[in-house]
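In what follows, a single structure is set out as C-alpha cells and then discussed.
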Amino acid sequence: MALSPLNQRRLSNFRANRRGFWSLWIFLFLFTISLFAELIANDKPLLVVNQDRWFMPVWFTYAETEFGGDLELEADYRDPYIIELIEQDGWILWPPVRYSYDTINFATPTPAPSPPTTENWLGTDDQARDVVARLIYGFRISVLFGLVLTIASSIIGVLAGAVQGYFGGWLDLIFQRFIEIWNGLPVLYLLIILASVVKPNFWWLLGLMLLFSWMALVGVVRAEFLRARNFDYVRAARALGVSDMQIIFRHTLPNAMVATLTFLPFILSGSITTLTSLDFLGFGLPPGSPSLGELLAQGKANLQAPWLGITSFLVLAVMLSLLVFIGEAIRDAFDPRKTLQ
C-alpha cells in the first residue's frame, strides 16, 4: 500500500536523522537477540545426539536414564558424568553462553564475584552467576516491562485526555482536580508499604505503576482535543448527526496521535528507568530475577569488582541513549516545520 505524501515526508524526515534512524535498527537488533535469550545463554544444550536419538533439552525435560544414567531425575548437563555418558556415543551442541541467569558457577578461579575469564566473559556477580547471561535476560525483561507499561498507560491516557478535551465543562474540571490529587500521591512510599505486605512480581509491579503512569499523555491529548473540538469540520460532523464516539476516534484523535507518538520513546525510557530504580532500591522484581537495577546494586555493594557496576552502567546508558535518539528522530518526523534540505 502506497504511503500518502504526508507520511512519505515524515518517513523521509525520520531517515534524514541518521542518528535516530540507526539507533532504531540497533535497538531492534538488540531486542530481537534478547527475545531468544534461552537459545543464547542457557545451562542446557540446544541439541543432544545420543545413540542415534535426538534430544532438545532447551524445550523438553529428560531424565538421566535417557542417556544411560541411574537416576530418574532431570539430567544435569553440566555434570561431567552426564557429559561423558552422552559423548560416549553422541555429541552435544551448546549455546554460545553456557549459563542461564540463575546458574551458579561452582568452579570460579576466585571467590565470587570473580573477574572476567574465558568461561565468564564479563565475570560473575556476588552469587557466582554469569554476568553476560543476567544482562541478556535483564535487558529483555526491562524492555518488555517498559513496552507493556508504555502501551497500556498510553491507551488509558489518550482515552482520558480525549474524553476530557472533547466534552470539557464540569467533566473536564472534575477530572483535572482528580488528576492533581492522584499525581500528588507518593508513589515510592506506596511501593515500599505494599512491598512489605505483598511479594512483588512482574505483573504486580506493572499494575501498580500503571495506576500512576497513565497521566503522562493526558495533558497533551486534552490540549489537542480542546483546540480541535471547535474546528469547522467537527462542528459540521456534529450538525450532520455523527455520534460523539465517531467524531472522537475518526476525526479528532488522529490529530492528537502526532504528539502522542512523539512522546512514546521518552515514556518507554522513563518506564525502564523506573523499573531499574525500584530494583536498585530492592522494591522491584523478586530476588534472583535478572535485573539491571539489581546488578547496579551489586556493583555499589562490591566496589572491589568494578566490572559489575561498569557493565550495568554501560548497558543502561546505551539502551536509554538509543531510545532518546529514536524519540528525537520521531519528533523531527512529525514536526510540520521540519523540511528536508
Side-chain angles (χ1 to χ4, degrees), residues 26-27 29-38 40-43 95-149 188 191-192 195 199-202 204-206 209 268-324:
I26 294 173
F27 182 80
F29 174 75
L30 295 176
F31 180 53
T32 303
I33 289 179
S34 69
L35 290 178
F36 300 95
E38 287 79 8
I40 300 172
N42 209 318
D43 55 1
V97 180
R98 297 189 181 186
Y99 298 90
S100 185
Y101 68 89
D102 57 352
T103 306
I104 298 177
N105 185 5
F106 294 99
T108 54
T110 60
S114 62
T117 62
T118 54
E119 185 73 15
N120 303 108
W121 301 339
L122 293 176
T124 64
D125 63 5
D126 58 5
Q127 298 183 37
R129 298 170 300 191
D130 187 70
V131 173
V132 174
R134 291 188 68 80
L135 282 178
I136 296 174
Y137 284 88
F139 181 89
R140 179 176 67 177
I141 198 171
S142 297
V143 176
L144 288 176
F145 182 90
L147 284 174
V148 175
L149 181 59
L188 182 58
L191 286 171
I192 295 173
K199 183 180 179 180
N201 55 48
F202 181 92
W204 184 88
L205 279 177
L206 183 67
M209 295 307 302
L268 175 58
S269 62
S271 302
I272 295 174
T273 305
T274 300
L275 178 63
T276 304
S277 303
L278 292 174
D279 289 332
F280 179 80
L281 296 173
F283 301 107
L285 297 172
S289 301
S291 167
L292 300 179
E294 189 257 353
L295 197 59
L296 273 177
Q298 288 198 32
K300 174 179 174 292
N302 299 276
L303 297 179
Q304 78 281 5
W307 57 88
L308 294 176
I310 292 174
T311 301
S312 53
F313 169 76
L314 289 177
V315 171
L316 279 172
V318 170
M319 177 170 55
L320 297 179
S321 297
L322 291 175
L323 290 174
V324 170

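For the numbers below, each heavy atom of this structure counts, side chains included, while hydrogens, waters and symmetry mates do not.
Taking each heavy atom of Ile136 and Ser34 in turn, the nearest pair found is O-CB, 3.9 Å. Closest non-hydrogen pair, Asn42 versus Glu38, comes out as ND2-O, 3.0 Å.
One N or O on the side chain of Asp130 and one on the backbone of Ala133 form a donor-acceptor pair closer than 3.5 Å. The closest donor-acceptor contact from the side chain of Arg134 to the backbone of Ser289 lies under 3.5 Å. No donor-acceptor pair closer than 3.5 Å links the side chain of Tyr137 to the backbone N or O of Asp102. Asp279 contributes a side-chain N or O that, together with a main-chain N or O of Leu285, makes up a donor-acceptor pair within less than 3.5 Å. Side-chain N or O atoms of Thr276 include one that pairs as donor or acceptor with a backbone N or O of Ile272 at under 3.5 Å. Thr117 contributes a side-chain N or O that, together with a main-chain N or O of Asn120, makes up a donor-acceptor pair within less than 3.5 Å.
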Practice problem: Determine, step by step, whether Thr103 and Arg129 satisfy the side-chain contact (heavy atoms from CB on, under 4.5 Å) criterion, reporting the C-alpha distance in whole Å, the side-chain angles of both residues, the deciding distance to 0.1 Å, and the verdict. | Solution: CA-CA 6 Å; Thr103 306; Arg129 298 170 300 191; over 6 Å; no

Practice problem: Tell me, with the steps shown, if Val318 and Ile26 meet side-chain contact (heavy atoms from CB on, under 4.5 Å). | Solution: CA-CA 10 Å; Val318 170; Ile26 294 173; 5.9 Å; no

Practice problem: Kindly determine whether Thr124 and Tyr99 satisfy side-chain contact (heavy atoms from CB on, under 4.5 Å), including the steps that lead there. | Solution: CA-CA 11 Å; Thr124 64; Tyr99 298 90; over 6 Å; no

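Among the candidates Val131, Leu122, Leu292, Leu296, the single residue satisfying the side chain to side chain contact (heavy atoms under 4.5 Å, CB included) test with Ser312 is Leu296.
Interatomic distance, Leu295 CG to Phe280 CZ, rounded to the nearest 0.5 Å: 11.0 Å.
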